[in-house]
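Within every chain, numbering begins at 1; the chains are lettered A, B, ... in the order of the sequence lines, protein sequences first and strands thereafter.
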Protein chains: 2
Amino acid sequence: MILIMIAAPFDQLPAAAVARFTCDAGDILFRADAPADHLIAIDAGQLVLVRLSPEGNRVMIAQAGPGQTLGEASLFTDRYHYDCVARSPASGWRIAASAIRAALVTDPDFALAMVQTLARQVRTERLRCEIMSIRSAEARVLAALRAFGQPGTLTAFADSLGLSQEACSRAMAGLVRHGRIERLGRGRYRAIGQG
Amino acid sequence: MILIMIAAPFDQLPAAAVARFTCDAGDILFRADAPADHLIAIDAGQLVLVRLSPEGNRVMIAQAGPGQTLGEASLFTDRYHYDCVARSPASGWRIAASAIRAALVTDPDFALAMVQTLARQVRTERLRCEIMSIRSAEARVLAALRAFGQPGTLTAFADSLGLSQEACSRAMAGLVRHGRIERLGRGRYRAIGQG
DNA sequence: CGGCGATCATGATCAGAATCATGATCGCAA
DNA sequence: TTGCGATCATGATTCTGATCATGATCGCCG
């Protein structure tokens, strides 16, 4: 038998509240305007939230990988506000929003852990907003590398910063020249002195 | 007697857990490495979190205004990691972290309200990120006006979008010309068909 | 009322990012 | 191994927004 652990705080929920999923790149986990009845915890792969801007452009809201969750807002709204799409083959858990709401009022430990998870998410999103308000491409890329590292491809990284792939690539090259970051390989970079 | 309401969910806490504060621009609400024993709910003004970068520059981590909270990390860590500084005259409440932790495990309604508040903040910040990734100044301003309206001055609005004041003003003028938004007065605009 | 600082509007110029174009490199699969 | 599509790197050009400069308008207070 294979045991696959589900990440905190959802390991405290009854087994009936969670369902395993696996998917391929391009699969849609949920769509905007669909009933928001579950959130998603990722074990492997990369998922992204995308939304169409009024002009019809696809805009990335967030990208998440192993250990992260998407769709927390579904707990208190009745419809999703964005599409959740797999960027690569991925697996994880769908967690019933109703079970989470129930556990919040009956399980103090779960409530504490849930608040902690959400507080971290707020902090991360605020940080992303501040980074995106940095004008210079090099400074923005450096700040993002220090804060989050480079989770996926260079193109996806550029998207998440509101930069074109070319501007991001050039900024990386400049930062390497100035000794602020190191190049791990083609399209893979890391801030100096970080894991 | 003057009654000043404290925002949900903190209105459910005992009175001893909250303390009113007012401060001037530049005042420091808490410092990095100080004991993290409270979080801050803002009634008026703008507060920012700043940290020193490896180069020694002051880097803004987050900014928050009326209705938002700062310092949620105090719930789970024993020291602050950033300075909290007032960018303008501000007022609000200091809320004891210990009281929040206690209420989370003893008061199911409070736990629900707290999670709801945080989930909404996550959604709002994600929306901000989405809007900031819109390239065109006019499209970005239009999206922000539709999503949030224009809360304060034009300059502050421009800042929150990562635009210069001049670019924002020009974008507003262009949107008015194209009939997408209406001008309520000098420096005050609104998306067509919104309150 | 008149003065003054803050905010907004707008023109001119410039820097830098987007875009277009092209070649290099990688990963995967036949 | 070879071929091919995806990704990355980089040059050339365009164009948008930042910046600088200036004037207009507003709110406030004496």
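Within residues 129-145 of chain A, the residues approaching DNA chain C are A:Arg135, A:Ser136, A:Ala137, by heavy-atom distance under 4.0 Å.
For A:Thr155 and D:dC8, the shortest distance from a side-chain N or O to OP1 or OP2 is below 4.0 Å.
Contacts of A:Gln46 classified as side-chain hydrogen bond (donor to acceptor under 3.5 Å, both in side chains), with partners at least two apart in sequence or in another chain: none. A:Arg140 meets the side-chain hydrogen bond (donor to acceptor under 3.5 Å, both in side chains) test with no other residue; sequence neighbours excluded. Qualifying side-chain hydrogen bond (donor to acceptor under 3.5 Å, both in side chains) partners for A:Glu182, counting only residues two or more places apart in sequence or in other chains: A:Arg190.
Across all strands, A:Gly152 comes closer than 4.0 Å to no nucleic acid atom at all (heavy-atom distances). Contacts of B:Ser164 with the nucleic acid, taken as non-hydrogen atoms under 4.0 Å apart, include base atoms.
Note on residues 159-173 of chain B: no pairs pass salt bridge (charged side-chain N to carboxylate O under 4.0 Å, His left out), not counting sequence neighbours.
Relative to the ring axis of A:Phe148, A:Arg128 places its NZ or CZ within 45° and under 6.0 Å from the centre.
The 12-atom threshold is exceeded at CZ of A:Arg101, counting heavy atoms of other residues, nucleotides or ligands nearer than 6.0 Å.
Taking the six-membered ring where tryptophan is involved, the planes of B:His38 and B:Tyr80 are perpendicular, since the angle between them exceeds 60° and thus also 30°.
Using modelled atom types, no side-chain atom of A:Gln116 and backbone atom of A:Leu118 make a donor-acceptor pair closer than 3.5 Å.
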So which protein N/O to nucleotides 9-11 of chain D N/O distances come out below 3.5 Å?
residue: D:dA9; atom: OP1; partner: A:Arg183; partner atom: NH1; Å: 3.1
residue: D:dA9; atom: OP1; partner: A:Gly187; partner atom: N; Å: 3.4
residue: D:dA9; atom: OP1; partner: A:Tyr189; partner atom: OH; Å: 2.6
residue: D:dA9; atom: OP2; partner: A:Ser169; partner atom: OG; Å: 2.9
residue: D:dA9; atom: N7; partner: A:Gln165; partner atom: NE2; Å: 3.3
residue: D:dG11; atom: N7; partner: A:Arg170; partner atom: NH1; Å: 2.9
residue: D:dG11; atom: O6; partner: A:Arg170; partner atom: NH2; Å: 3.0

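Separating the CG atom of B:Leu163 from the C1' atom of C:dC8 is a distance of 15 Å, rounded to the nearest angstrom. At whole-Å resolution of the value, CG in B:Asp159 and C1' in D:dA18 are 13 Å apart.
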